[in-house]
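Start at 1 and go down the list; that is how both ligands and their atoms are numbered.
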Amino acid sequence: MRVLVTGGTGYIGSHTTVELLNLGHEVVIVDNLYNSNIHVLDRIERLCHQRPKFYEVDILDKEKLRTVFKENEFDAVIHFAGYKAVGESVSKPITYYQNNIAGSLNLYELMNEYGVYNIVFSSSATVYGDNFEVPFKEEYGLGDTTNPYGTTKKFNEMILSDIAKAHEKFSIVLLRYFNPIGAHPSGLLGEVPNGIPNNLVPYIAKVANGELPCLNVFGDDYDTKDGTGVRDYIHVVDLAKAHIKAIEYASKHNGVEVINVGSGKGYTVLEVLKAYEKACHKTLPYKISPRRPGDIATCYADTHKAKQLLDFEVEFDIDKMCEDSYNFTLKNPNGIE
Ligand code: NAD
Ligand code: UFG
């Protein structure tokens, strides 16, 4: 298949591009490099011995995006491009709605115009909100989101579901990611957060390499086994592989499917810290801090649908996720350059 990957130089997009290329698919990346770097393409080339075609285009620029559709005949789209910082979305809602909704609408409009009907969309477990019992099941539907970022994911799911209803040729897979962490085992690709990380594992990585003094554990009074928050972590390479299965599924079906992508297991913050200590052979300092506003106690996936529809199961465990994260951190002290 010839696949348009928006946001393909980003964290999950770059890993997915590698998996696509390794399976013989053709990849065209569109990214404005807002949160990634052109050198990611060199790393992909080192891993796959081929360089994906790349357009430095902002999906908000519909005419430039149109050129990409004019110059390439796509079989499918994997849509990663978007802003993803939960806290920032609270202070910049217009920017988030503009980029994640208006940008996506440009893409969907051009797909319809150019007859490209298969799409996998990056949604998030955040759309379940605080409304449901774990494990989160796809059939629960959409909960009450607690920040504009989450609402952009919910709106995109609704928009794409309406598109599937109105245009019967469309085939849409909404992947609800749980917590992607880790890095490519080669150490060539990984997550490079800007400034002080908001997410747990990127933060621990900076404590492990001495850039930050100590992890703040946000709350130890949740109703969980050690009082700290429970999440479903998934290795980014496993997540990338789920996209291949999803795009293959989309190319053979019509309509819309919502599918969780997680491991189905929950780990507390202190369990993740312990796994990271094992990976880096150090004791990592931490202190208990107040709960972070908006956090829920426990979040993990029901993974039956992914198994049933996509035959997808995760391969890598929490130890491997932490090992690969630390390996990437050690090999790339200044990020991908
Ligand atoms: P990322 O920031 O590493 O990658 C996103 C890419 O999109 C970046 O390279 C950025 O430059 C690009 N981009 C942003 N706005 C753009 C625009 N207007 N035009 C063109 N390119 C643009 O993020 P990621 O972690 O790889 O996440 C990919 C997708 O998955 C996002 O939509 C994110 O919301 C979603 N998601 C991520 C997580 C997570 O924990 N990482 C969890 C759930 C969902
Ligand atoms: N945590 C800490 N200290 C930190 C950072 C996080 O204790 O410095 C805790 C949080 O309180 C939470 C857990 O670690 O209990 C995981 O937090 P993350 O910020 O890593 O991840 P979240 O589950 O809050 O959110 C992530 C993405 C969202 C996405 C969601 C989907 O950031 O974009 O997963 O489940 F929507």
Side-chain angles (χ1 to χ4, degrees), residues 5-16 29-38 40 55-61 64-65 78-87 89 95-96 98-100 102-104 106-107 121-128 136 145-147 149-150 152-153 156 175-181 190-194 196-204 206-207 212 214-220 222 224 228-234 236 239-240 243 260-262 266-270 272-273 286-301:
V5 180
T6 73
T9 45
Y11 173 48
I12 306 169
S14 58
H15 288 82
T16 303
I29 291 177
V30 162
D31 202 301
N32 64 355
L33 303 179
Y34 170 82
N35 196 34
S36 56
N37 171 321
I38 193 75
V40 168
Y55 290 87
E56 187 175 338
V57 164
D58 190 320
I59 60 167
L60 284 170
D61 187 336
K64 281 203 179 137
L65 191 57
I78 306 182
H79 180 30
F80 294 105
Y83 295 154
K84 63 166 182 177
V86 172
S89 79
T95 309
Y96 269 68
Q98 182 73 15
N99 199 46
N100 293 10
S104 298
N106 284 341
L107 177 69
F121 174 70
S122 301
S123 190
S124 164
T126 196
V127 301
Y128 288 110
F136 291 149
T145 46
T146 53
N147 55 75
Y149 164 74
T152 70
K153 293 297 173 193
N156 266 284
L175 290 184
R176 292 187 181 157
Y177 309 160
F178 282 68
N179 290 53
I181 60 166
E191 188 171 14
V192 187
N194 264 337
I196 296 178
N198 292 309
N199 296 116
L200 179 64
V201 170
Y203 198 105
I204 297 178
K206 285 195 184 286
V207 176
L212 291 169
C214 142
L215 172 70
N216 299 299
V217 175
F218 297 143
D220 68 347
Y222 287 106
T224 62
T228 66
V230 168
R231 295 292 182 275
D232 180 337
Y233 297 92
I234 176 168
V236 65
L239 178 58
H243 288 80
N260 287 337
V261 195
Y267 289 94
T268 68
V269 174
L270 294 178
V272 176
L273 185 67
Y286 72 90
K287 65 170 191 286
I288 305 297
S289 304
R291 288 183 178 195
R292 184 171 63 178
D295 273 355
I296 59 174
T298 304
C299 169
Y300 58 91

Check whether any N or O atom of [X], backbone or side chain, sits under 3.5 Å from an N or O atom of ligand 1, and answer yes or no.
X      : result
Ile59  : yes
Tyr11  : yes
Ser123 : no
Asn32  : yes
Ser36  : yes

Nearest protein heavy-atom contact for [atom]: which residue, which atom, what distance?
atom                    : value
atom 28 (C) of ligand 1 : Phe80 O, 3.6 Å
atom 26 (O) of ligand 1 : Ile12 N, 2.8 Å
atom 24 (O) of ligand 2 : Arg292 NH2, 2.9 Å
atom 8 (C) of ligand 1  : Asp31 OD2, 3.5 Å
atom 40 (O) of ligand 1 : Pro180 CD, 3.3 Å
atom 30 (C) of ligand 2 : Ser124 OG, 4.0 Å
atom 27 (C) of ligand 2 : Asn199 ND2, 3.9 Å
atom 4 (O) of ligand 1  : Gly10 CA, 3.5 Å
atom 2 (O) of ligand 1  : Asn35 ND2, 2.7 Å
atom 18 (N) of ligand 1 : Asn99 OD1, 2.6 Å
atom 25 (O) of ligand 1 : Lys84 NZ, 2.7 Å

Using a 4.0 Å heavy-atom cut-off, say whether Glu191 meets ligand 1 through its side chain, its backbone, both or neither. neither

Which of the ligand 1 atoms, numbered from 1, are nearer than 4.0 Å to a heavy atom of Tyr34: 11 (O)

Using a strict cut-off of 4.0 Å, indicate which atoms of ligand 1 neighbour a heavy atom of Tyr149. 33 (C), 34 (O), 35 (C), 36 (N), 43 (C), 44 (C)

From the options Gly82, Gly103, Ala85, select the one whose nearest heavy atom is closest to atom 14 (C) of ligand 1. Gly82

Value for CD1 (Ile59) from CG (Leu107), rounded to nearest 0.5 Å, stands at 6.0 Å

Measure the distances from the heavy atoms of [X] to every atom of ligand 2 and state whether one is below 4.0 angstrom.
X      : result
Tyr233 : yes
Leu215 : yes
Tyr222 : no

[X]: numbered ligand 2 atoms lying under 4.0 Å from its heavy atoms:
X      : result
Val217 : 7 (O)
Gly229 : 15 (O)
Thr126 : 31 (C), 36 (F)
Tyr149 : 33 (O), 36 (F)
Asn179 : 21 (O), 22 (P), 23 (O), 26 (C), 34 (O), 35 (O)

Under a heavy-atom criterion of less than 4.0 Å, does Val57 contact ligand 1? yes

Any idea how Tyr177 and His243 line up, ring-wise: parallel (<30°), tilted (30 to 60°), or perpendicular (>60°)? perpendicular

I'd like to know if the side chain of Tyr128 pairs up with that of Asn260 as donor and acceptor (distance under 3.5 Å, no hydrogens or angles considered). yes

Would Arg176 count as a cation-pi partner of Phe136, with NZ or CZ less than 6.0 Å from the six-membered ring centre and within 45° of the ring normal? no

